[in-house]
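Note sheet for the following structure.
As the structure lists them, so they are numbered: ligands from 1, and atoms in each ligand from 1. All values derive from a computational prediction rather than experimental measurement. Atom set for the values below is all heavy atoms of this structure, side chains included, hydrogens, waters and symmetry mates excluded.
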Amino acid sequence: MSEPLYGVPHGHGPLLGPLSPPLVRSTTAGQPDAETLRALGAGERPGEFYQRLGHANARAWESLVAAHEGADGAVSFASGMAAISGALLAHLKPGDRVLLAEEIYGGTSSFALADLVRFGVVVDRFSALDLAGLQAQLARPAQWVVFESPINPTLRVADIGAITGLAKAAGARTLFDATFAPPPVQQALALGVDLVACSATKFYGGHSDVLAGFVAGCHELLGPVEHFRRRTGGLLAPDPAWLLLRSWPTLELRVLAQQAAAQRLAEGLAAEARAGRLLDVSYPGLPAHPDRALVARQMRGGGAVLAVELPGGLPGAKRAYDRLQRIARAPSLGGVESLATLPAFTTHAALTPAQRQRAGIPDGLMRIAVGLEGADVLLDDIRQALRG
Ligand code: PLP
């Protein structure tokens, strides 16, 4: 079998010479002879050849990601959506059936419903919070089960081990979106999922300046993904790959500091709720979280995203939201800056208020992605926004 073209081991020698890796933008590379040209072109061995087929900066980052996720390898893409769509398109064929969680990133469901079905893939929905419902869906053959946890924006937690167990027993593979909680908060591959896909735009980049994604897992399942990427050209480019390498040494520090701040902020906001100034706080790290037993089993902490229900419905939420001073009014998460969104205006705007309520997303819900400003700064900001 030819050597895989991803997950090339990264050297760990002494720190000599330039400490930051070179950025190599060259789209092509000169070869010593015809045989080398042939072997590289056929994908029989890794190496510099033509940038769309792989390049040093992406390979270096992929090998770090693979080790971090506990995977055989990682295949990088130009965005999280390129990674998720690439993983599915590489493996599916007309007539296949995908079970897609209701509680999934909107871009993933748009892609599945607009594009996968166009190519003859059947897409059925299940709730990641209803194992009996999933089991019933799996009574008919399905090839892939696609889900994520923690769930956006309710911050409920799905049972990753139970969902993968049910899928495996029915002969289906699992694709898990790990964007909200990368290692060390949650190691989805160790919990049994077959492939992890992730928007590295979030925590892996961490500075709101790079769009990227990856798929990680075992060689058997990554091979088709890497070959799909070669054919379709969605590879991560050298500049964002270099930025991701720049972000690498602080990844765990940032994630753990953001998580610690989110925990303190959630506790402060829970006190505000007890005092009647907020309706509710959702955060997996709070003792009152409905899935706390699962959180203890499959996560190391509650992550860095939480949600609060502001008083006064959508008008009240808008008023408080517009008064935020330190927390930016912006989509996304995982960066050093704290960001807030109103799901009723963004990710769940297409639903009616009644549909949102049924999905556990009240109109006054505000999602907060915690950055590195410090919990006290963020709590003060929300308190002043609530006082008006
Ligand atoms: N998955 C989740 C959970 C996300 O939040 C996002 C983006 O917000 C994506 C996937 C898509 O990632 P990208 O924007 O990098 O394509």
Counting non-hydrogen protein atoms only, what is the nearest one to [atom]? Give residue, atom name and distance.
{"atom": "atom 3 (C) of ligand 1", "value": "Asp177 OD2, 3.5 Å"}
{"atom": "atom 9 (C) of ligand 1", "value": "Tyr105 CE2, 3.3 Å"}
{"atom": "atom 15 (O) of ligand 1", "value": "Thr201 OG1, 2.6 Å"}
{"atom": "atom 8 (O) of ligand 1", "value": "Lys202 NZ, 2.8 Å"}
{"atom": "atom 16 (O) of ligand 1", "value": "Met81 N, 2.8 Å"}

Ion pair check, Glu35 and Arg38, cut-off under 4.0 Å:
yes
Answer yes or no: are there more than 12 heavy-atom neighbours, outside Arg25 itself, under 6.0 Å from its atom CZ?
no
Are more than 12 heavy atoms from other residues, nucleotides or ligands located less than 6.0 Å from atom CZ of Arg326?
no
Any chance you could measure [X], atom [atom1], to [Y], atom [atom2], to the nearest 0.5 Å?
{"X": "Glu148", "Y": "Thr108", "atom1": "CD", "atom2": "OG1", "result": "6.5 Å"}
{"X": "Thr174", "Y": "Leu99", "atom1": "OG1", "atom2": "CG", "result": "11.5 Å"}
{"X": "Glu62", "Y": "Glu226", "atom1": "CD", "atom2": "CD", "result": "8.0 Å"}

Under 3.5 Å: N/O of [X] near N/O of ligand 1:
{"X": "Thr108", "answer": "no"}
{"X": "Ser199", "answer": "yes"}
{"X": "Leu211", "answer": "no"}

What do the steps show when you test Arg383 against Glu272 for salt bridge (charged side-chain N to carboxylate O under 4.0 Å, His left out), and what is the final call?
CA-CA 8 Å; Arg383 281 197 186 119; Glu272 293 295 304; 2.8 Å; yes
Need the ligand 1 atom indices (1-based, order shown) with element for anything under 4.0 Å from a heavy-atom of Ser79.
15 (O), 16 (O)
Ile84 contact mode with ligand 1 (heavy-atom cut-off under 4.0 Å):
side chain
Between Phe214 and Tyr204, is the gap from one ring center to the other below 6.0 Å?
yes
Yes or no: does Asn152 have any heavy atom under 4.0 Å from an atom of ligand 1?
no
